[in-house]
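FYI, side chains are in, hydrogens and waters are out, and symmetry mates aren't considered; it's all heavy atoms of this structure. Numbers restart at 1 for each chain; the letters A, B, ... are given by sequence-line order, proteins then strands. Values in this document were obtained by computation on a predicted structure and should not be read as measured data.
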2 protein chains.
Amino acid sequence: MVALPLHMNGHQQENDWQDRIIQGDCQEILKTVPSDSVDLVVTSPPYADSRKKTYGGIHPDQYVEWFLPIGAELQRVLKPTGSFVLNIKEKVVDGERHTYVLELILALRQQGWLWTEEYIWHKKNSYPGKWPNRFRDAWERCLQFNRSKQFNMYQDSVMVPTGDWAKTRLRKLSETDQRRDESRVGSGFGKNISNWVGREQAYPNNVLHLATESSNRKHSAAFPQELPKWFIKLFTQEGDLVLDPFMGSGTTALAAKALGRHYLGIEIQPEYVELARQSVGDADCE
Amino acid sequence: MVALPLHMNGHQQENDWQDRIIQGDCQEILKTVPSDSVDLVVTSPPYADSRKKTYGGIHPDQYVEWFLPIGAELQRVLKPTGSFVLNIKEKVVDGERHTYVLELILALRQQGWLWTEEYIWHKKNSYPGKWPNRFRDAWERCLQFNRSKQFNMYQDSVMVPTGDWAKTRLRKLSETDQRRDESRVGSGFGKNISNWVGREQAYPNNVLHLATESSNRKHSAAFPQELPKWFIKLFTQEGDLVLDPFMGSGTTALAAKALGRHYLGIEIQPEYVELARQSVGDADCE
DNA sequence: GTTCCGCATGAATCGATAG
DNA sequence: ACTATCGATTCATGCGGAA
C-alpha cells in the first residue's frame with residue numbers, strides 16, 4: 001500500500017495532494033506522497049555550487065550523490081505513464097565544464113530511469129558577460145526521463161505555425177484541414193487546436209527558443225513560465241497532477257494552474273513558499 | 001598523386017603536412033603526423049551505427065573503445081595551445097538516447113583532455129518525421145576539448161552584428177522573409193554579414209544556428225561549411241594548420257582553405273578522398 | 001534583374017514484417 | 001527471442017525554372 005501522509009489516517013483522498021505548496025526538504029516530503037500519483041515532474045533543482053545562500057550550495061563533486069535519493073522518490077511517486085523533466089546545466093569549474101550532469105544521467109539510468117530525450121532550452125537573452133576563453137552560455141538541458149517506454153505525450157497541444165505558412169496557407173488550407181481533421185477525431189482534443197484553425201501548423205522539435213524572465217525579482221533562477229508550460233502541455237492533460245520538488249518562487253505551480261492542471265510544490269525556503277503561495281493566490285483573483 | 005608520408009625519409013618539413021588530403025585509416029595515418037603540429041582539430045566522426053555502408057558502422061556499445069586511440073593521437077599532434085572540436089550526436093536506441101557520447105566525454109577527460117565547453121549546433125532544418133514518443137532532433141553537440149587551459153581563442157573574428165539590424169532590414173523584406181528572420185535567432189550566420197560591416201557588433205554565444213546543406217551539390221555534406229568555418233575563425237589565425245581526421249567530402253579542408261588556413265585531411269574512403277581533392281582543387285580555380 | 005513557386009532531399013525514428 | 005530490412009511519417013532549405 002501507498003505511504004500515507006503522516007497526518008492522514010484512514011481513507012486518503014487524492015485531492016489532499018493537489019494544489020498545495022509544502023514547505024520542507026523534498027527528500028523528506030516526497031516520502032509522504034503516494035506512489036504512482038503524479039503525471040509529470042518538472043523541476044529546476046539548485047545548480048551545483050550556485051545559489052549558495054539559498055540552498056546551501058551542493059558541491060559539484062557531491063551533486064549526484066545528493067540527487068539520487070530524490071530521484072528514487074520521484075520514480076516512486078510518478079505514474080508509470082508519466083514523465084520527469086529535469087532542467088539543469090553544468091557549471092564551469094576551473095576552466096572546464098564539470099561532468100556532474102553527465103554522471104547524473106548515467107546514475108539515474110542505473111536507478112531505473114529511461115533517458116528518453118534531451119531537449120535544449122535556447123535562452124535567447126542569455127546572461128551578459130565576457131571571458132577570455134569562452135562565450136556566454138545561452139542554453140540549458142531539459143532532460144526527459146521516463147519509467148516506461150509507454151508514456152503519455154500529447155503532441156498536438158504544442159504545435160506551432162509552419163515556417164512559411166503565410167506563403168502557402170491559402171492554397172493548401174482545405175486539403176490540409178481535411179487531413180488534420182481526420183487525425184483529430186481519434187485523439188480527442190479540441191481546445192488548443194481551435195486556436196490554430198485556419199493556420200498551417202507543424203510539430204516542433206527538441207530545441208526550445210525562450211527568453212529568460214528578467215522580471216523574476218526574488219528567486220535567483222530565471223525560469224520562464226513558458227518552459228514548464230510547454231512540458232505541461234506536452235505531457236499532461238487537464239486535471240492531471242504536476243509536481244515540482246524544487247518549486248522556488250512557484251513558476252511551475254503557476255504554469256500548471258494556468259493550464260488547468262493540479263500542482264504539488266515543495267520548497268525548503270519559507271520565503272519562497274510564501275512567495276509561491278501568494279503567486280498562485282494572486283492568480284486566483286484574475 | 002598521393003604522396004604518402006611513409007615515402008618520406010629524413011627530415012620532415014612542416015610543409016609536407018600542409019594542404020594535403022591523405023587516404024587511409026586515421027588511426028594509422030595520425031601516427032605519422034608530427035607531435036605538437038596542429039592548431040585545430042575539427043571533425044565530425046561517423047556516428048555510432050550510422051553510415052553503415054561507408055564506415056562499417058561502429059556499434060554504440062563499442063564507440064568509446066573505438067574512439068579512444070584516435071583521441072590519444074589527436075592529443076599528441078595538437079599544439080598545447082590548440083583546440084579539438086568534436087561534432088557528434090547520440091542516436092536513439094530502443095526508445096532511449098544512448099549514452100555513448102556522455103561516456104566518451106568522460107573517457108576523453110580520463111585521457112587527459114580538458115572538456116572546456118559544449119557548443120550547440122541548432123539545425124534549423126532538421127530531418128522530418130513523426131513518432132508517438134518524440135519530436136524531430138534539431139541539434140547536435142560541438143564539444144570543445146583542450147590540452148591546456150591556455151589555448152588560443154580569437155573572439156573578435158566571429159563577432160556578429162547587433163542592434164538595429166532588424167529594424168533597418170525587415171522593412172524591405174517580404175512577409176515570409178520577415179517571419180523567417182524572427183526564427184533566425186542569435187549567432188548571425190548567413191551570407192549577408194558583409195552588409196553589416198561597420199555596424200555595431202557583439203560577441204556570439206555558445207548556440208550556433210545553421211541549416212544543414214541538403215541539396216547544395218552532388219554530395220551533400222553532413223555538416224555545413226559554416227560550422228567548421230566558425231570554429232576555424234575562432235581558434236586559429238591565418239597560416240595555422242587545421243586537421244580533420246574524418247574528412248568526408250572535404251568540407252573542413254574547403255573551409256580552412258577559404259579562410260587562408262592550411263589543412264590536413266584524412267579519409268578512409270577513396271571516393272571521398274577523390275571528391276575532397278577535387279573540391280579543394282576546384283576552389284583553386286575560383 | 002527580381003520574385004515566386006515547385007520540388008527533391010536529408011547524420012531520423014518507429015513499428016511491422018521477415019529471416 | 002533477436003537482428004535485419006522496409007515503409008510511413010514529416011518539414012525547412014535551396015536550387016532551378018517560370019512569370
Side-chain angles (χ1 to χ4, degrees), chain A residues 116-118 149-151 153 155-156 159-172 175-176 179-180 182-183 199-207 209, chain B residues 43-61 63 86-98 100-101 121-142 172-185 189-192 209-227 246-249 251 269 272:
Chain A
T116 303
E117 181 59 306
E118 178 170 352
K149 287 173 198 167
Q150 311 295 327
F151 56 87
M153 191 177 194
Q155 303 188 343
D156 289 347
M159 292 187 82
V160 293
T162 300
D164 45 15
W165 62 271
K167 186 163 51 178
T168 42
R169 60 187 280 199
L170 292 179
R171 181 157 329 185
K172 289 187 178 178
E175 176 197 345
T176 322
R179 184 165 50 82
R180 295 224 194 270
E182 286 177 22
S183 65
R199 297 190 189 182
E200 289 250 17
Q201 45 183 359
Y203 293 102
N205 54 44
N206 58 0
V207 177
H209 301 275
Chain B
T43 193
S44 190
Y47 297 0
D49 209 14
S50 65
R51 296 208 289 189
K52 238 180 195 168
K53 292 169 186 170
T54 57
Y55 275 97
I58 302 101
H59 193 278
D61 295 338
Y63 199 84
L86 182 63
N87 167 230
I88 197 167
K89 180 64 190 260
E90 56 268 30
K91 283 192 55 159
V92 172
V93 176
D94 204 18
E96 273 187 285
R97 288 283 165 197
H98 201 281
Y100 60 89
V101 175
W121 169 25
H122 166 41
K123 296 189 284 187
K124 289 191 293 184
N125 57 340
S126 53
Y127 199 94
K130 184 186 183 312
W131 311 275
N133 56 346
R134 65 181 63 248
F135 288 135
R136 293 172 296 144
D137 189 8
W139 64 278
E140 296 191 8
R141 307 177 194 275
C142 294
K172 299 180 181 175
L173 295 180
S174 67
E175 185 189 346
T176 38
D177 278 344
Q178 277 193 28
R179 225 208 140 275
R180 285 234 173 82
D181 266 78
E182 283 177 25
S183 63
R184 200 179 295 157
V185 231
F189 287 94
K191 318 157 186 177
N192 301 330
H209 302 272
L210 290 177
T212 59
E213 292 173 3
S214 54
S215 59
N216 222 3
R217 294 200 173 200
K218 281 187 180 181
H219 232 82
S220 48
F223 61 42
Q225 200 181 118
E226 289 301 322
L227 192 64
F246 301 97
M247 160 105 352
S249 56
T251 308
Q269 290 279 316
Y272 283 143

Among the nucleotides dA12(D), dT13(C), dG15(C), which one has an atom lying closest to any side-chain atom of Val92(B)? dT13(C)
Is any side-chain N of the basic residue among Glu118(A) and Lys89(B) closer than 4.0 Å to the acidic one's carboxylate O? no
Length of the CD-P vector between Glu226(B) and dT13(D), whole Å: 14 Å
What's the CD-C1' distance between Glu213(B) and dG14(D), to the nearest Å? 10 Å
Just so I know, are the side chains of Thr212(B) and Phe223(B) near enough to count as touching, which here means a heavy-atom distance under 4.5 Å? no
Closest to the 5' end of DNA chain D, once Pro128(B) and Asn125(B) are matched to their nearest nucleotides, is Pro128(B)
Could you check which of dA11(C), dT10(D), dC14(C) has an atom nearest any side-chain atom of Thr212(B)? dA11(C)
Selected nucleotide, minimal atom distance to Asp137(B) side chain, candidates dA11(C), dT10(D), dT13(C): dT13(C)
Rounding to a whole Å, what distance do you find between Leu210(B):CG and dA11(C):P? 14 Å
Between dC14(C), dC11(D), dT13(D), which nucleotide gets closest to the side-chain atoms of Ala202(A)? dC11(D)
Where does the angle between the aromatic ring planes of Tyr63(B) and Tyr100(B) fall among parallel (under 30°), tilted (30 to 60°) and perpendicular (over 60°)? tilted
Does any donor atom in the side chain of Glu140(B) or Asn87(B) lie under 3.5 Å from an acceptor atom in the other side chain? yes
Pair Glu90(B) + Arg97(B), salt bridge at N-O below 4.0 Å: no
If you assign Ala211(B) and Lys130(B) each to the DNA chain D nucleotide with the nearest heavy atom, which residue ends up on the more 5' nucleotide? Lys130(B)
Answer yes or no: side-chain N or O of Ser44(B) and base N or O of dA11(C) forming a donor-acceptor pair under 3.5 Å. yes
Side chain to side chain, Glu213(B) and Thr251(B), heavy atoms closer than 4.5 Å: no
Whole angstrom is fine here: how far is it from CZ in Arg136(B) over to P in dT13(C)? 12 Å
For DNA chain D, report each stem as range with range, ordered by first number, or say none. Use Watson-Crick or G-U wobble pairs under 3.5 Å, at least 3 in a row. C:2-10 with D:11-19, C:12-19 with D:2-9
Below the 4.0 Å mark, does dT13(C) have OP1 or OP2 next to a side-chain nitrogen or oxygen of Arg97(B)? yes
Let me know, please, whether Glu96(B) or Asn87(B) comes out on the 5' side of the other along DNA chain C by nearest nucleotide. Asn87(B)
In this structure, how many angstroms lie between the P atom of dT9(C) and the NZ atom of Lys123(B), rounded? 19 Å
Short N-O contact, Asp137(B) and Lys123(B), less than 4.0 angstrom: no
Spacing between Tyr127(B) atom OH and dT9(C) atom P, to the nearest angstrom: 11 Å
Between dA11(C) and dC15(D) - P atom distance, rounded Å: 15 Å
In whole angstroms, how far is the C1' atom of dT9(D) from the CE atom of Met159(A)? 13 Å
Is any side-chain N or O of Arg134(B) closer than 4.0 Å to OP1 or OP2 of dC14(C)? yes
Length of the CH2-P vector between Trp131(B) and dT9(D), whole Å: 13 Å
Contact class for Asn133(B) (heavy atom, under 4.0 Å): base, sugar-phosphate, or nothing? sugar-phosphate
Under 3.5 Å, is there a donor on one side chain and an acceptor on the other for Asn205(A) and Tyr127(B)? no
